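Below, all heavy atoms of this structure are taken into account, side chains as well, without hydrogens, waters or symmetry copies. This is a predicted model, so every value here is computed, not measured. To find a chain, count down the sequence lines: A is the first, B the second, and so on, and within it residues start at 1.
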Protein chains: 2
Amino acid sequence: MDSAKPSLELVRSVTDEHVLRTLMRHRRLTRAELASEIGISKPTAGESVRRLTERGLLADTGERTPGGRGRGRVGSYYALDPGVGAALAVTIAAEGVVAERLDVYGDTVARAARQIDRPARPDQIAAALLAVATELRDAAGPRDAAGPRDATGPRGATNSRDGGPRDAEPRGDDGQTVRVAVVSAADPVDRASGRLVHLPDSPFLVGDLDPVAVLAPFVDGAVVVDNDVNWAALAERDSVGADGLRDFAYLYLGEGLGCAIVNDGEIRRGRTGLTGEIAHLITIGPGGRATRFIELFGELGLRHAGTTAIDVERLLTTADRAVLGAAVGGVIAALIALADPQEVVIGGSWGPALLDDIRSAATWAPRDVTVRAAGLTETPVLAGVRAAALNSLRRAIVGR
Amino acid sequence: MDSAKPSLELVRSVTDEHVLRTLMRHRRLTRAELASEIGISKPTAGESVRRLTERGLLADTGERTPGGRGRGRVGSYYALDPGVGAALAVTIAAEGVVAERLDVYGDTVARAARQIDRPARPDQIAAALLAVATELRDAAGPRDAAGPRDATGPRGATNSRDGGPRDAEPRGDDGQTVRVAVVSAADPVDRASGRLVHLPDSPFLVGDLDPVAVLAPFVDGAVVVDNDVNWAALAERDSVGADGLRDFAYLYLGEGLGCAIVNDGEIRRGRTGLTGEIAHLITIGPGGRATRFIELFGELGLRHAGTTAIDVERLLTTADRAVLGAAVGGVIAALIALADPQEVVIGGSWGPALLDDIRSAATWAPRDVTVRAAGLTETPVLAGVRAAALNSLRRAIVGR
DNA sequence: CGATTCTAGTCAGGAGCCTTGCCTGGAACG
DNA sequence: CGTTCCAGGCAAGGCTCCTGACTAGAATCG
C-alpha cells in the first residue's frame, strides 16, 4: 500500500518500536531480558538500546540488582527516559473540570480539579480549564527521585514537531514535557476544530468553548477533543476485553442526551463529529405522535427553567415512565436499524433507572438486541479519556 | 503493533509486493523499467522477478521489443502469470443474475447472465446462479493467445490454501483459477454466513438463498456476499475520487428499501451486517403519526399484491408525494442524527424522482446536509462489485 | 557498411541488520 | 572456595539492499 523505500531501516525501526513497547509494559528490563521477551538476539537488543539511549528515549536506571532468579551476573536495567513526556487527560463538564497528568505507564502522576457552581457560565469553565492546566504544569511529579541520569542527549531541542506556541514552556518542573492532551467535553464537539457546538434546541451544558486554544500553550503536540459519551463508550468497550464488543451503541441519558456508536471496534464520528446526536431523532411521542426526542422533554416539562438541561430529579420522581420508555424505545429502534449493534448500553443519570420501561417498549425494535445498563459506573468518561491519552502518548513516542 | 519477527524476510516481501502491484498497474515491464518505476536498484528488481517467477506469479511474455526510446538493447518483458487467477463479480436480483469473470487488471474476460420472469422463486434464482457460474467456468478467456510460456513452474500444486472442495476443478479451460468471488444480493445479507435473511414485513426480493454454498465449488478462495446497496455506495464513493466522500449515506428507494452507511471511507456493516435496514425505522406517517417506514407503503396501498415488493409504478403515478417526502425526510433526519453524513445520496427506481418532495420535507433534519441523486446511474451495483472483486483478487495475490 | 550510441541485464564489492555460538566477568549457592 | 548461573560482548556468517563497472546487443549515424 504505502511505499516504504529505504528498506533496511524499516527493519531497524520495527525492532526499536518493539523495544519501546516492551519497556512500556515492563517498566525496566536488562538487555538480555528484552531480547528474550521480544524474541530477538542479545546483540540486536543491545544495539537497539544503544540507539534509543542516544536518541534520549531510554536511560540506564543505575540499578545493578542481579538479573531475575538470584544467581548470575548483575544486569544493567534500562527504562524509558522521563524525557519521553507525559499526557494530559481532561474532562470538562458543567459541574467542573478535572485534569490528570499521566506518564507512559498510564499512572496518574498529578491531578487537579475545579468545581463550579451551577449554573456554570462558559467563561467560568474556561477559567477553570486554564487553572487546572497551570496547576499541573507547575506541579512536580512524584517520581524522578531515582538518581542522576547521565545520558543527557539533545532532548527537547529537536522535538518541536507541532509548531505550537513555545512561549510558555509546556513542561512541568520535573521536565516531563506534555506531548498530547485528550479532552472530554459534555457537549457536541466539532471534529475538525475541536470546538464545542451548540445544536438548536439541544442541551448545551458546557457552552461555547475552544479547549484547543486554551490548552495548546501547555502541550507540545496534539490536543484531541471529543464528546464525553464517546469516551465513556470506549471505556465500556475496553472493560469487556479485546474483541468482545466490536459493534455496539452507548446511549447516554442524563442532563444531556448523547449516543456513541462503535462499529468494527472504533468510535464512528461522522463528517463533523456529530454522530449520535439523538436530540432531533424522530421517535414515538405522547399519543403515538412522531416527535423529536428532545421536544418530548419540553412537552413533559422536564427541562430546567432557563437552561437547556434536562431536570433529572423531576424526571425520576414525577414523569410518566411509559411515555419515556416508548420514546427511548423508538431511539433504540433507530439505532438497531441504522447501526446494527450487538448490544445497546444505557448510561447516564436517569437511563439505567428506566431500564425496565425501556425494555418493555422495545417491541418497536425490528429484532431482539440486548439492552443493558453500562457496566462501568465509577468514572467511565475519565477512564476512556485516560486510555485514549495513554494510547496517543505511546503512539507519539513510538512513531519517531 | 503486530509482531513481525523474521525480519529481513519482511523487507523482501515488501519489495515483492511492490513489484506485483506495479505490474498490476502497468501490465508488462522490463526489469530495468520495474527498477526505475519502483525506485529500487536493477539487481534488486532482477532478484525479485526471479523469485516471483519461480513462485509462478510472474512470467516472461516472450516479447523482445526494444526498451522504450528506440535505441539500445532489447529487454525481456515480464507480466503477471495468468495462473495468478481471476475474480468473479456476481449480482443477484429478482430480475436475474449477472456474473463476470475479471482478470487481475480489472478487465472483464467473460460474462454470463440469466433473466428471470417475475415473480421469481428462490429456486429459479439459485438455478440461474448455478448456470452462470457453470457457463463462466466452461468459457475460455479471450486472451492467452500471446505465445508459448516457458516458465512452467509448480503452479496450482501448492496453492490450495483455502481447503475448499476440490471435486469440481475451480478453473476455466484457460487455466484461470477463480480465487475470489464477490456477490451482490438485493436483500439483507447476514455478515457471518453470507446467507440472505428475511426481516419480518420487509421486502424480500431474492428470497432464501445461500450464495456461498452455490458458488463455493467454483471458487478456490473466499466468497464474499453483501447487500446491493452497499456495493452501489462503494461505487458512488469511488466515482467521486479519493478522499472525496468519506462519510455519507446512500438511500436506496426502489422495490426494496435499503441504506448504506459509509463512515471514515468504509462501509459500516454492524454486528450482523444489517446496518441500514431502514424498513422498521420510525418516521413521520400520515397525519403526523409515528410510523414504521415500511408500514407506510402498506397503508398507502403501494405494495405488490402477494409479494413483499413495493409497486414502483403505482407509487410514481398515484401516490401522495408530500406524505412520501415527509416519511423519507424522517428517515434522513435519523441518518443525520446517527451517522452524521456529509451527503445523503438518493438512488433506486423511485427515490430520485421524488427528490424535490424529499428536500422540501427535510426541515425535520437537525441541520443542512446535501441531499442529491446518485451520480452513477448505469449499473452502480455491478461497478461496486467489480471494484471489490478486483481489490480482493489483488490482495489475495499479494498477500502470499 | 562499419563505427557509434544507447540501454538491459549481470557481476563484484560493500554496507546494514540480523542470527548463532563462544567467551568473559561477576554474584550467589553449597 | 569451587561451582553454578546469567548479563553482556565479540566474532563469524547469512540475507537484503545498494553502487559502480562491465557485457551484450540492437538501432542509428556517417
Side-chain angles (χ1 to χ4, degrees), chain A residues 3-20 22-23 26 28-55 58 60-79, chain B residues 3-19 22-23 26 28-55 58 60-79 151:
Chain A
S3 305
K5 261 257 292 320
S7 308
L8 277 195
E9 169 188 331
L10 184 148
V11 174
R12 194 183 51 186
S13 75
V14 167
T15 302
D16 287 354
E17 173 169 347
H18 246 135
V19 169
L20 288 173
T22 305
L23 281 173
H26 290 85
R28 64 197 225 313
L29 294 170
T30 68
R31 280 163 283 189
E33 287 170 338
L34 268 172
S36 80
E37 184 72 29
I38 299 175
I40 59 180
S41 66
K42 286 191 291 174
T44 301
E47 262 304 293
S48 178
V49 166
R50 195 196 52 71
R51 281 193 301 266
L52 293 170
T53 304
E54 205 161 66
R55 285 171 52 194
L58 257 49
D60 190 334
T61 63
E63 294 174 271
R64 292 292 182 274
T65 37
R69 284 144 302 284
R71 296 287 190 93
R73 175 179 173 180
V74 295
S76 303
Y77 280 89
Y78 286 83
Chain B
S3 306
K5 260 258 294 317
S7 309
L8 278 195
E9 168 188 333
L10 185 149
V11 174
R12 194 183 52 184
S13 75
V14 167
T15 302
D16 288 354
E17 172 166 348
H18 246 135
V19 169
T22 305
L23 281 174
H26 290 85
R28 66 199 222 313
L29 294 170
T30 68
R31 279 163 283 188
E33 287 170 338
L34 269 171
S36 79
E37 184 74 28
I38 300 175
I40 59 180
S41 66
K42 286 191 291 174
T44 301
E47 260 305 293
S48 178
V49 166
R50 195 196 53 71
R51 282 194 299 266
L52 293 171
T53 303
E54 206 161 64
R55 284 171 53 193
L58 256 50
D60 189 334
T61 63
E63 295 173 271
R64 290 295 181 275
T65 39
R69 281 143 306 284
R71 297 284 191 95
R73 175 179 173 178
V74 296
S76 303
Y77 281 89
Y78 286 83

Could you go over nucleotides 12-16 of chain D and give all protein N or O partners under 3.5 Å, atom names and distances?
from   : atom 1 : to    : atom 2 : distance (Å)
D:dT16 : OP1    : B:R12 : NE     : 3.4
D:dT16 : OP1    : B:R12 : NH1    : 2.7

Exercise. List the steps and the verdict of side chain to side chain contact (heavy atoms under 4.5 Å, CB included) for A:T22 and A:L34.
Key: CA-CA 7 Å; A:T22 305; A:L34 268 172; 4.0 Å; yes
Between [X] ([atom1]) and [N] ([atom2]), how many Å, whole number?
X     : N      : atom1 : atom2 : value
A:L10 : C:dA15 : CG    : P     : 22 Å
A:R50 : D:dG9  : CZ    : P     : 11 Å
A:K42 : C:dT19 : NZ    : C1'   : 13 Å
A:D16 : C:dC18 : CG    : P     : 8 Å
B:E17 : D:dC17 : CD    : P     : 14 Å
B:D60 : C:dA8  : CG    : C1'   : 13 Å
B:I40 : D:dT19 : CD1   : P     : 11 Å
A:Y77 : C:dA27 : OH    : C1'   : 13 Å

Self-check item: Side chain proximity check, A:L8 to A:R12, heavy atoms < 4.5 angstrom
Solution: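 The answer is no, as the side chains (C-beta and beyond) never meet within the 4.5 Å cut-off.
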Exercise. Answer yes or no: is there a side-chain heavy-atom contact under 4.5 Å between A:L52 and A:L20?
Key: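 Counting from C-beta outward, A:L52 and A:L20 do come under 4.5 Å.
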Between the protein and nucleotides 23-25 of chain D, which nitrogen or oxygen pairs come in under 3.5 angstrom?
from   : atom 1 : to    : atom 2 : distance (Å)
D:dG25 : N2     : B:R73 : N      : 2.8

N/O donor to acceptor pairs below 3.5 angstrom from side-chain atoms of residues 37-44 of chain B, sequence neighbours left out:
from  : atom 1 : to    : atom 2 : distance (Å)
B:S41 : OG     : B:T44 : N      : 3.4
B:S41 : OG     : B:T44 : OG1    : 2.9

Quiz item: Judged by atom type as modelled, is there a donor-acceptor pair below 3.5 Å linking the side chain of B:T61 to the main-chain atoms of B:A79?
Solution: no
Quiz item: Any sub-3.5 Å donor-acceptor pair from B:S13's side-chain atoms to B:L10's backbone N or O?
Solution: yes
Quiz item: Rounded to the nearest 0.5 Å, what separation is found between the OH atom of B:Y78 and the CG atom of B:D60?
Solution: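 Nearest 0.5 Å value for the OH-CG distance: 4.5 Å.
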Self-check item: Minimum heavy-atom distance between B:R31 and B:A45, given as atom pair plus value
Solution: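 Reported closest heavy-atom pair: O-CB, 3.7 Å.
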Quiz item: By salt bridge (Lys or Arg N to Asp or Glu O under 4.0 Å), which residues pair with A:R50, not counting sequence neighbours?
Solution: A:E47, A:E54
Practice problem: Would you indicate which nucleotide in D:dC18, C:dG21, C:dC18 comes nearest to any side-chain atom of B:S41? | Solution: D:dC18
Quiz item: Quick one: is D:dA7 close enough that its OP1 or OP2 comes under 4.0 Å of any side-chain N or O from A:S76?
Solution: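 The answer is no; no side-chain N or O of A:S76 sits under 4.0 Å from OP1 or OP2.
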